[in-house]
Amino acid sequence: MQVESYQWVGLLADDFEGTLRFFSQVLGFELEDKDDDKVVAMFRLPSGQQVEVFGPGNRDRKRKYRLMNGPVVGLQVPDVAAARRELIAQGFEFVTEVEESDDGASWAYFIGPDQRLYSIQNTGP
């Protein structure tokens with residue numbers, strides 16, 4: 001499997017607003033999007049990499065990705081479906097199928113050897 005970079009890091013934050021202030025005011029990350037209803041915010045670094053913060057009220061993320069007990073790293077790959085097949089052949093368990101957004105990005109979540117959640121993804125065209 002060819003990994004080009006890490007593109008995304010996601011984390012659950014008990015102190016959602018405090019974590020947003022840390023990333024924006026202390027680290028200087030650009031706040032790209034914030035959804036108070038879903039309790040999620042996205043930051044983008046100058047490199048294009050993203051940090052997504054999920055607050056304690058983001059029930060969908062906790063329920064869907066039960067192993068999100070620490071930061072989740074999204075590994076950029078050229079072809080998510082092919083990388084998923086390769087990892088399955090090596091015995092890794094996936095907790096999602098390949099998912100896609102309207103802008104052409106795709107991703108899938110799997111359990112690593114450390115029993116933590118990882119993501120393979122492609123940001124699209």
Side-chain angles (χ1 to χ4, degrees):
M1 182 176 76
Q2 177 186 354
V3 175
E4 298 170 334
S5 67
Y6 76 90
Q7 186 60 29
W8 172 87
V9 173
L11 57 101
L12 288 172
D14 288 334
D15 181 356
F16 184 65
E17 292 300 327
T19 302
L20 299 188
R21 283 191 301 276
F22 170 70
F23 281 116
S24 63
Q25 296 174 11
V26 176
L27 299 180
F29 290 7
E30 176 188 342
L31 179 63
E32 184 173 87
D33 189 32
K34 180 181 178 192
D35 186 331
D36 289 322
D37 292 334
K38 293 183 179 179
V39 195
V40 63
M42 179 73 74
F43 293 91
R44 185 172 302 274
L45 283 70
S47 63
Q49 294 162 313
Q50 297 174 318
V51 175
E52 196 166 11
V53 179
F54 303 96
N58 191 295
R59 298 187 205 296
D60 182 57
R61 190 56 79 168
K62 287 182 182 179
R63 180 174 31 84
K64 190 171 185 181
Y65 306 118
R66 68 191 186 285
L67 298 172
M68 194 172 186
N69 56 0
V72 177
V73 176
L75 303 168
Q76 178 77 13
V77 297
D79 183 331
V80 173
R84 185 178 186 277
R85 286 190 300 273
E86 186 176 332
L87 287 168
I88 288 172
Q90 294 181 40
F92 289 92
E93 176 189 351
F94 274 77
V95 297
T96 67
E97 299 294 324
V98 175
E99 300 180 39
E100 295 183 11
S101 65
D102 293 339
D103 64 1
S106 59
W107 61 91
Y109 289 91
F110 68 98
I111 301 169
D114 57 358
Q115 298 303 300
R116 293 189 181 271
L117 196 62
Y118 290 84
S119 167
I120 49 174
Q121 63 187 63
N122 186 293
T123 55

Could you report the tightest heavy-atom contact between [X] and [Y], atom names first, then the distance?
| X | Y | value |
| --- | --- | --- |
| Ser106 | Val98 | CB-CG1, 4.0 Å |
| Ala108 | Thr96 | CA-OG1, 3.4 Å |
| Leu12 | Gly55 | CD2-O, 4.5 Å |
| Pro71 | Val9 | CB-CG1, 4.1 Å |

For Ser5 and Gln76, indicate whether the former's side chain and the latter's backbone hold a donor-acceptor pair under 3.5 Å.
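Side chain of Ser5 to backbone of Gln76, a donor-acceptor pair under 3.5 Å: no, none is there.
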With distance as the sole test, does Gln7 use its side chain to make a donor-acceptor pair with the main-chain N or O of Gly48 at under 3.5 Å?
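Answer holds: yes.
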Grouping I, L, V, M, F, W and Y whenever their side-chain heavy atoms are under 4.5 Å apart, do [X] and [Y] come out in a common cluster?
| X | Y | answer |
| --- | --- | --- |
| Tyr109 | Val3 | no |
| Val73 | Val51 | no |
| Val40 | Leu117 | yes |
| Leu11 | Leu27 | yes |

If I take atom [atom1] from residue [X] and atom [atom2] from residue [Y], how far apart are they, to the nearest 0.5 angstrom?
| X | Y | atom1 | atom2 | answer |
| --- | --- | --- | --- | --- |
| Ile88 | Arg85 | CD1 | CZ | 9.0 Å |
| Trp107 | Asn122 | CH2 | CG | 11.5 Å |
| Glu93 | Leu87 | CD | CG | 12.5 Å |
| Gln121 | Glu99 | CD | CD | 11.5 Å |
| Leu20 | Asp15 | CG | CG | 8.5 Å |
| Gln50 | Met42 | CD | CE | 4.0 Å |

Any non-hydrogen side-chain atom of [X] less than 4.5 Å from a side-chain atom of [Y]?
| X | Y | value |
| --- | --- | --- |
| Met1 | Ile120 | yes |
| Gln49 | Arg44 | no |
| Phe54 | Val39 | no |

So, using side chain to side chain contact (heavy atoms under 4.5 Å, CB included) as the criterion, who are the partners of Gln90 when residues are at least two apart?
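With neighbours one apart ignored, the set is Glu86, Phe92.
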Which of these, Phe94, Phe110, Trp8, sits in a ring-ring contact (aromatic ring centres under 6.0 Å, His included) with Tyr118?
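So the option named by the test is Phe110.
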Return each pair, listed once, that meets ring pair (Phe, Tyr, Trp, His ring centres under 6.0 Å) where at least one residue sits in residues 25-48; pairs must be two or more places apart or across chains.
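Every ring pair (Phe, Tyr, Trp, His ring centres under 6.0 Å) pair that includes a residue of residues 25-48, provided the two are not neighbours, is Phe23-Phe29, Phe23-Phe43.
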Apply side-chain contact (heavy atoms from CB on, under 4.5 Å) to the pair Val53 and Phe16, showing each step before the final yes or no.
CA-CA 7 Å; Val53 179; Phe16 184 65; 4.0 Å; yes
